[in-house]
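Report on the structure given below.
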Amino acid sequence: MMNMGCKKTQKKTMQGASAQQVSFSKRRSGLFKKAGELCTICAVETDDIIFSPGGKVFSSGHHSVEDVINMLGRRGKPDAVSILEAEAHQERVLCDLKKQYSDLLEQLEAEKKRGEKLEQMKKEGQVSSWFVTPIEELSFEELKIQHAAMAELRGKVLKNMAERLAQGSAPSVAANSGGASDFPVSDPKAAP
């Protein structure tokens, strides 16, 4: 009976620099691909450093060549210390990500509540349709009304800020108050 399994072949060094370079070039990507598969299947990190027959350095993996050299240079340290450092770093990153996630959830909830409140105000007739309608869909007359209303609102906000500043209840507003603003002041009655 004939054996259809894999045969063990003898590996020997190729003769000739050009043949070695060609073989290296063909097999390098396959080696990196296998290392990537190992990472995926086993949930590990790999760092591959290969020197070509011509002396060039090729690497792939999770760390740069410099990082791998630094890790190998620290071999004298106990592994427990480096593992604890890595775990502490991962814990800090995880805490930061959890905080960012919770902040984004809070912002999302606030925007949902704001949207619900705006919808409720719209249903009750407290918000004009031009306030929630995209600007491109407004007529010229509606744009003039919107401009006047926003100018009036701006005036009320500046007046309120000035009153609070005068009362001394808003020291952080002092830099932006006093009528100075990035927005041009216009008289709501003088709307185009």
Query raised in the report: Which atoms form the tightest heavy-atom contact between A35 and D48, and what is the distance?
Result: CB-OD2, 3.0 Å

Query - Euclidean distance, E91 CD relative to K98 NZ, rounded to 0.5 Å - result: 6.5 Å

Report task. Among Ile, Leu, Val, Met, Phe, Trp and Tyr joined by side-chain contacts under 4.5 Å, find the other residues sharing a cluster with V22 and list them by chain and number. Result -> none

Report task. Find the distance between CE (M161) and CZ (R164) and round it off to the nearest 0.5 Å. Result -> 10.0 Å

Query - Chi angles and distances behind the side chain to side chain contact (heavy atoms under 4.5 Å, CB included) call for I50, L31 - result: CA-CA 10 Å; I50 301 174; L31 180 62; 3.1 Å; yes

Query - Listed partners of D96 passing salt bridge (Lys or Arg N to Asp or Glu O under 4.0 Å), at least two apart - result: none

Report task. Start with the C-alpha distance between E111 and Q107, add both sets of side-chain angles, then the distance that settles side chain to side chain contact (heavy atoms under 4.5 Å, CB included), and finish with yes or no. Result -> CA-CA 6 Å; E111 288 298 319; Q107 289 176 1; 5.5 Å; no

Query - Under-4.0 Å salt bridge between E116 and K113 - result: no

Requested in this report: Identify the two heavy atoms, one from Q21 and one from P53, that lie closest to each other, and give their separation to 0.1 Å.
Outcome: OE1-CD, 3.7 Å

**Report entry** Distance, nearest 0.5 Å, that separates OG of S29 from NZ of K34
**Finding:** 11.5 Å

Report task. Go through the steps for V93 and Q90 under the test side chain to side chain contact (heavy atoms under 4.5 Å, CB included), then give the verdict. Result -> CA-CA 5 Å; V93 169; Q90 286 178 343; 5.7 Å; no

**Report entry** Nearest heavy-atom neighbours spanning F51 and F24
**Finding:** O-CE1, 4.1 Å

Query raised in the report: Can you tell me how far the CD1 atom of I145 sits from the CE atom of M150, to the nearest 0.5 Å?
Result: 12.5 Å

Query raised in the report: Just by distance, do the side chain of S23 and the backbone of Q20 share a donor-acceptor pair under 3.5 Å?
Result: no

Query raised in the report: At what distance, to the nearest 0.5 angstrom, does CG of N160 lie from CG of L165?
Result: 11.5 Å

**Report entry** Heavy-atom pair with the smallest gap, counting every atom of L143 and I135
**Finding:** CD2-CG2, 3.8 Å

Query raised in the report: So do T46 and L38 actually touch side chain to side chain, heavy atoms under 4.5 Å?
Result: yes

Report task. Give a yes or no on whether L108 atom CG has more than 12 heavy-atom contacts from other residues, nucleotides or ligands under 6.0 Å away. Result -> yes

Report summary line: When rounded to the nearest 0.5 Å, the distance separating CD of Q100 from SG of C95 is 11.5 Å

